[in-house]
Undergrad: 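Supplied in structure tokens, the structure appears directly below.
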Amino acid sequence: MKGTGVSAGIGIGKMLLIEEHSLEYTPKQVDDAQAEKKRFKDAIDVFCKNTEAQAETMKKTVGEKEAEIMLGHISLVQDPFLLGEVDKLIDGGQCAEAAFESMCDMFIQIFSSADDDVTKQRAADVRDVKAGVLGLLLGINEIKLSEAPAGTVICVKELTPSMVAEINKENIVGIVTETGSTTSHSAILARVLEIPAVMSVPDIMKQAENGVQAIVDGIKGNVILSPGEAELAEYGEKREKYLKEKQELEKYRGKPTVSADGTGYELVCNIGKPDDAAKALEFDGEGVGLFRTEFLFMDKTSVPTEEEQFKEYKKAAMILKDKPLIIRTLDIGGDKDIPYLGLAKEENPFMGFRAIRYCLKNRGLFRTQLRAILRASAFGNISIMFPLITCVEEVREGKALVEELKAELRAEGIEFNEGIKVGIMTETAAAGIIADLLAKESDFFSIGTNDLTGYTMAADRGNSDVSYLYSALQPSVLRMIRAIITAARENNIPVGMCGEAAADPMMIPLLISFGLTEFSVSAPSVLKVRKCISCWTKEKADEIAEKVMALETAEDVKEYLSSVI
Ligand code: PEP
Ligand code: MG
């Protein structure tokens, strides 16, 4: 079966289907209230036991703070008022499911209508708890990813970042999904975990069965169900070859990133969590070119406080020591939802109230994040980066706020880096077109090709019907990239690329020719990109770029580039 290979490698193992369960039921009248109350109490006990175990694992795999969220769920479900009211409803003849659900819904309604974010978040907690307890009452067994046995291939309709957080890397040999693409966040996480993954495989949940053997070819984007002997042997060999090539890349470890004619480049990593900074170093990255701070917000049940954020940013800075750390301010909206922020449903979320737009209008949240970043800047080589910039005013407003907060910290006698750099993501068509104006306002650019491709081609990165248009090798996107790099160079500011295209071997000679100065890629791609860069001289890259920029279609560009790479 064909899909999109989003994380390279070959995995061979047994399928584990993660089904979505419906929590629907028919309420019934109960005659034996005592028995029903016991059934309810038993479910609560099991819920607490399971949640405690989850919290224990989370403490080890994710962190103490996240584990506390789970413990909060236990206190919630043990609330004497809630339990008392459910019992009363059962005494009145309702079944445990209906009694518990109606009490939860009442709390959800009260909490959701509150004005402050913290109380609103309680509604999301109650929703989680409601689903967990109802699942137990209805006898729905949720499969726990963290407990999947060795040699498991996960098969799921949609892989969420929270599922990825539960994955035990030693046991999961492959991931197959019905939705998602190379740039979806769960794909990015799969690459960091180095698990072969194929996404957007139509109807895989219907075709696959639990326990069936499967081959996941994350390089070609193929999934083979119940392979025969010959296929198993063929892919076994391919896996060996892939692992051997990976081994060969090791000779680039610890070496500087230079082209064949000796020009040096910065080769840094994209991360989502402070601990990934260690991963970046482990893979020989030279720092961090993009810290996606959304994950810190996604993993919580309410907006992290200044202190909490400060600790996380400081942690990443301390791991990296004097190596660069570019922290991108909150980039929510589009495909990145944070339920507790209660963003309204929009007709066109990718063009809606998101990223820098949201932050500039929610000053409290933005100030908290910027203060935390500024404070952490006393402990490392931190820069600030604003996402989704479309006009000069957004940069000016963001920078003015940074200045205001610097003054505040100065007055409070709190240390920070006075010279902290403030740059922007150039990832919209607007930013590409006014790159010359934006370069005068910014300390650096980072080209986000994941979004830039989408906004330039007017093609949603997650929509498979328009995926044929979504390519950074489209002549329009290449012209955007060239214009952005040229504007940066003319204004003497550094220009990097943190979109997925930065690690594409076909793109690399073009970027060298245009004059990119920094490549920010997923940690496992570092050595491959260093090797690619080392193959090109500026002269040869220019020759190729000149030919490519005269071509008229993405297909021609791909065909030509594959013939010379
Ligand atoms: C991009 O758009 O290229 C980018 C790096 O940001 P994200 O993928 O987080 O939107
Ligand atoms: Mg982006």
Side-chain angles (χ1 to χ4, degrees), residues 4 6-7 161 164 180-192 199 267-273 276 280 285 287-298 325-338 349-359 369 383-390 394 423-432 435 438 444-463 470-474 477-478 480-481 484-485 495-504 507 511 516 518-523 525 529:
T4 312
V6 301
S7 177
V164 183
S181 64
T182 318
T183 48
S184 62
H185 281 106
S186 38
I188 292 167
L189 291 172
R191 280 196 288 283
V192 172
M199 293 189 166
L267 178 51
V268 285
C269 295
N270 298 342
I271 66 167
K273 293 252 171 68
D276 296 343
V288 166
L290 167 65
F291 180 172
R292 291 182 164 99
T293 57
E294 304 76 79
F295 290 106
L296 297 183
F297 287 68
M298 279 179 189
L325 168 60
I326 301 180
I327 302 182
R328 179 175 74 186
T329 58
L330 187 62
D331 182 18
I332 33 133
D335 64 338
K336 300 161 191 146
D337 188 25
I338 299 180
F350 281 90
M351 298 198 180
F353 188 44
R354 51 171 305 208
I356 189 74
R357 305 165 181 188
Y358 179 88
C359 288
Q369 182 171 39
S383 306
I384 297 173
M385 178 157 75
F386 298 137
L388 206 84
I389 293 294
T390 52
E394 288 166 341
I424 65 163
M425 298 263 322
T426 42
E427 55 179 343
T428 62
L438 293 172
F444 62 90
F445 281 168
S446 186
I447 308 175
T449 45
N450 305 342
D451 278 317
L452 185 64
T453 306
Y455 288 122
T456 302
M457 292 303 297
D460 176 352
R461 59 165 121 164
N463 182 342
Y470 185 92
S471 164
L473 295 174
Q474 286 280 356
V477 184
L478 291 176
M480 279 286 185
I481 294 172
I484 293 167
I485 298 176
V495 52
M497 178 175 284
C498 58
E500 295 298 303
D504 181 353
M507 188 62 95
L511 298 176
L516 197 81
E518 176 230 54
F519 293 75
S520 192
V521 301
S522 70
S525 304
V529 172

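Residue numbers run from 1 in the order of the sequence given. Counting starts at 1 for both ligands and their atoms, in listed order.
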Undergrad: What are the atoms of ligand 1, with element, lying closer than 4.0 Å to any heavy atom of L290?
TA: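 With L290 as reference, the close atoms of ligand 1 come out as 5 (C).
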
Undergrad: Using modelled atom types and a 3.5 Å cut-off, is there a donor and acceptor pairing between side-chain atoms of E294 and backbone atoms of D331?
TA: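 Between the backbone of D331 and the side chain of E294 there is a qualifying donor-acceptor contact (under 3.5 Å).
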
Undergrad: Any atoms of ligand 1 less than 4.0 Å from a non-hydrogen atom of C498? List them with their elements.
TA: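 It comes down to these atoms of ligand 1: 5 (C).
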
Undergrad: For ligand 1, which part of R328 has a heavy atom less than 4.0 Å away: the side chain, the backbone, both, or neither?
TA: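 Under 4.0 Å from ligand 1, R328 contributes side-chain atoms alone.
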
Undergrad: I'd like to check which ligand 1 atoms, numbered from 1 as shown, lie under 4.0 Å from a non-hydrogen atom of M425.
TA: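 Ligand 1 atoms under the 4.0 Å threshold to M425: 4 (C), 5 (C), 6 (O).
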
Undergrad: Can a donor-acceptor pair be found, under 3.5 Å and without considering hydrogens, that links the side chain of N270 to the backbone of R292?
TA: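 Flag not set: sc N270 to bb R292 has no pair under 3.5 Å.
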
Undergrad: Using a 3.5 Å cut-off on N or O atoms only, is E427 in polar contact with ligand 1?
TA: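 Right, the criterion is met.
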
Undergrad: Taking heavy atoms and a distance under 4.0 Å, where does L452 meet ligand 1: side chain, backbone, both or neither?
TA: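 No part of L452 comes within reach of ligand 1.
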
Undergrad: Can you give the angle D451 OD2 - the Mg ion (ligand 2) - E427 OE1, rounded to 10°?
TA: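 For OD2 of D451 and OE1 of E427, the angle centred on the Mg ion (ligand 2) reads 90°.
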
Undergrad: Could you tell me the separation between the CZ atom of F445 and the CE atom of M425, rounded to the nearest 0.5 Å?
TA: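 CE of M425 is found 12.0 Å from CZ of F445.
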
Undergrad: Counting only N and O atoms by type, is there a donor-acceptor contact under 3.5 Å from the side chain of S471 to the main-chain atoms of L473?
TA: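 It does hold such a pair.
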
Undergrad: R357 side chain to G352 main-chain N or O, any donor-acceptor pair under 3.5 Å?
TA: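 Between the backbone of G352 and the side chain of R357 there is a qualifying donor-acceptor contact (under 3.5 Å).
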
Undergrad: Would D331 count as a contact for the Mg ion (ligand 2), in the sense that one of its N, O or S atoms lies under 2.8 Å from it?
TA: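 D331 does not place any N, O or S atom closer than 2.8 Å to the Mg ion (ligand 2).
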
Undergrad: Just by modelled atom types, is the L330 backbone N or O under 3.5 Å from a matching donor or acceptor in the Q369 side chain?
TA: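 Checked: pair present.
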
Undergrad: Which atoms from ligand 1 have a heavy atom of R292 less than 4.0 Å away?
TA: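 It comes down to these atoms of ligand 1: 4 (C), 5 (C), 6 (O), 7 (P), 8 (O), 9 (O).
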
Undergrad: Going by the atom numbers of ligand 1, which of them fall below 4.0 Å from some non-hydrogen atom of K336?
TA: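 In order of number, 7 (P), 9 (O), 10 (O).
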
Undergrad: Between the side chain of T428 and the main-chain N/O of I389, is any donor-acceptor distance below 3.5 Å?
TA: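 A pair under 3.5 Å: yes.
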
Undergrad: N/O to N/O below 3.5 Å, does that happen between N450 and ligand 1?
TA: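 Yes.
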
Undergrad: Give the atoms of ligand 1, by number and element, whose distance to some non-hydrogen atom of G448 is under 4.0 Å.
TA: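 Every atom of ligand 1 under 4.0 Å from some heavy atom of G448: 1 (C), 2 (O), 3 (O).
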
Undergrad: Looking only at heavy atoms, what is the nearest atom pair of Y470 and T449, with distance?
TA: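 It is OH-O, 4.2 Å.
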
